[in-house]
Amino acid sequence: MASLSLEHIYKQYPNGFEAIKNFNLNISDKEFVIFVGPSGCGKSTILRMIAGLEEISEGTLKIDEKVVNDVEPKDRDIAMVFQNYALYPHMTVYDNMAFGLKIKKVPKDQIDKMVQETARILDLEHLLERKPRALSGGQRQRVAMGRAIIRHPKVFLMDEPLSNLDAKLRVQMRTEISKLHERLGATIIYVTHDQTEAMTLGTRIVVMKDGVIQQVDTPQILYKAPENLFVAGFIGSPQMNFMDAEVKKKDEEVYLQVGSHSFLLPPEKAKVLLKKGYEGKIVTAGIRPENVKDSEIVINQYDSAFFESKINVYELMGAEVFLYFELEGFSMTARVDPKTTARTGDIIKFALDMEYIHLFDKKTEYSIVH
């Protein structure tokens, strides 16, 4: 397998549009890195530049310390799995998987051995004589993966490979890809717009927006300590709640004033805000839905951060319930226990667990404290 290095990578099109801006990233051997971000953020463009399908306007791309900017795609020893599978419809599963090896003139008995072994890994042995039209979406995706892994490439590139599958199959295939990574010890770069997919698959996640890296970190750190407002809102489902709040100091205590409501800040967070000169300023406060409490028992612990609101929507998700409401005109979501008695139209007490409040600079949108 291989390590990759992307140094000061830019992609500019003839019309002047800059799709990628100063992209810097080192990917270790055997790492599973996910590029995530909204449509048009440049994640697929980066993948295509690594594959050699897009020209790099500026910067250096290295695979195993070797500069490959001008190396042909076929000579980069990279396998790509596309979202539309890209299988040959007139060939059987066996021939689809063997095709790349035949072109390389690998001996026939060796090809057969490699196809059988790959089919066994992906549970495709009983489908080898079928053609793609006789396969389900999940089976076709496994064949596309088989065609990629049979060559034992240095790097696997996966461009939204699960987006054409239904929800149940996506979960199943996520598990398959994770197991595959463990088994092969492969270096995988995976593109998705689905942050749930990113959180469950990647060892590291690269969050992108408008061709610029916003944050690179483990799923846990991205969730707990987002570096800016965009990452905070993009990672997590339902997304983080946001509201404007004025930082106020009274005696030795610091509060967030949201409309007519005052929420007492924990001493450590208060200290950071005062030290950085935010007293009297408006900041953006963010809190995850699971840290908005509706239980009377819990609310008594947070008597300095509770409020009442009317539930606009009650959404039962099975193992949890989402309650949608407003706080001083800001749309809010609480993720609560399904045993809750709250229903649409009820006016109930909520509390914010202020230990988990995130605060962002209103202008720069960078994190002040989390």
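Along the sequence shown, residues carry numbers from 1.
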Could you tell me whether Lys276 sits above the aromatic face of Tyr278, with NZ or CZ closer than 6.0 angstrom to the six-membered ring centre and within 45 degrees of the axis?
no

Would you please name every residue forming a side-chain contact (heavy atoms from CB on, under 4.5 Å) with Gln257, sequence neighbours left out?
Glu246, Lys248, Ser262

Non-neighbouring partners of Ala79 that pass side-chain contact (heavy atoms from CB on, under 4.5 Å), sequence neighbours left out:
Ala148, Arg151, Pro153, Phe156

[Y] reachable from [X] in the ILVMFWY side-chain graph, under 4.5 Å edges:
| X | Y | result |
| --- | --- | --- |
| Leu101 | Leu128 | yes |
| Leu229 | Leu273 | no |
| Leu53 | Val155 | yes |

Please name all residues satisfying ring pair (Phe, Tyr, Trp, His ring centres under 6.0 Å) with Phe230, sequence neighbours left out, ordered by chain then number.
Phe234

Got a sec, which residues hit salt bridge (Lys or Arg N to Asp or Glu O under 4.0 Å) with [X], two or more places apart in sequence or on another chain?
| X | value |
| --- | --- |
| Glu125 | none |
| Arg133 | none |
| Lys62 | Glu7 |
| Asp244 | Lys362 |

Using a 6.0 Å cut-off, check whether atom [atom1] of [X] has over 12 heavy atoms from anything other than its own residue.
| X | atom1 | value |
| --- | --- | --- |
| Lys113 | NZ | no |
| Glu65 | CD | no |
| Tyr356 | OH | no |

How long is the straight-line distance from [atom2] of [Y] back to [atom1] of [X], given to the nearest 0.5 Å?
| X | Y | atom1 | atom2 | answer |
| --- | --- | --- | --- | --- |
| Arg174 | Met199 | CZ | CE | 11.5 Å |
| Lys249 | Leu265 | NZ | CG | 13.0 Å |
| Glu253 | Leu264 | CD | CG | 5.0 Å |

With a 4.5 Å limit on heavy-atom distance, are the side chains of [X] and [Y] in contact?
| X | Y | result |
| --- | --- | --- |
| Met240 | Ile287 | no |
| Ile121 | Arg183 | yes |
| Asn26 | Leu4 | no |
| Thr187 | Ile27 | yes |

Partners meeting side chain to side chain donor-acceptor pair (under 3.5 Å) with Lys74 (sequence neighbours left out):
none

The criterion is side chain to side chain donor-acceptor pair (under 3.5 Å); which residues satisfy it with Asn241, sequence neighbours excluded?
none

Using the six-membered ring wherever Trp is involved, compare the ring planes of [X] and [Y] and label them parallel, tilted or perpendicular (cut-offs 30° and 60°).
| X | Y | value |
| --- | --- | --- |
| Tyr190 | Phe32 | tilted |
| Phe23 | Phe35 | perpendicular |
| His358 | His370 | tilted |

Scan for salt bridge (Lys or Arg N to Asp or Glu O under 4.0 Å) pairs involving residues 8-25, sequence neighbours excluded, and state none if there are none.
Lys11-Glu54

Are Arg120 and Glu117 close enough for a salt bridge, meaning some N to O gap below 4.0 Å?
yes

Does Glu320 pair with Arg335 as a salt bridge, N-O distance under 4.0 Å?
yes

Tell me the ring pair (Phe, Tyr, Trp, His ring centres under 6.0 Å) pairs involving residues 92-124, sequence neighbours left out?
Tyr88-Phe99

Rest of the hydrophobic cluster containing Phe322 (Ile/Leu/Val/Met/Phe/Trp/Tyr, side-chain heavy atoms under 4.5 Å)?
Val313, Met317, Tyr324

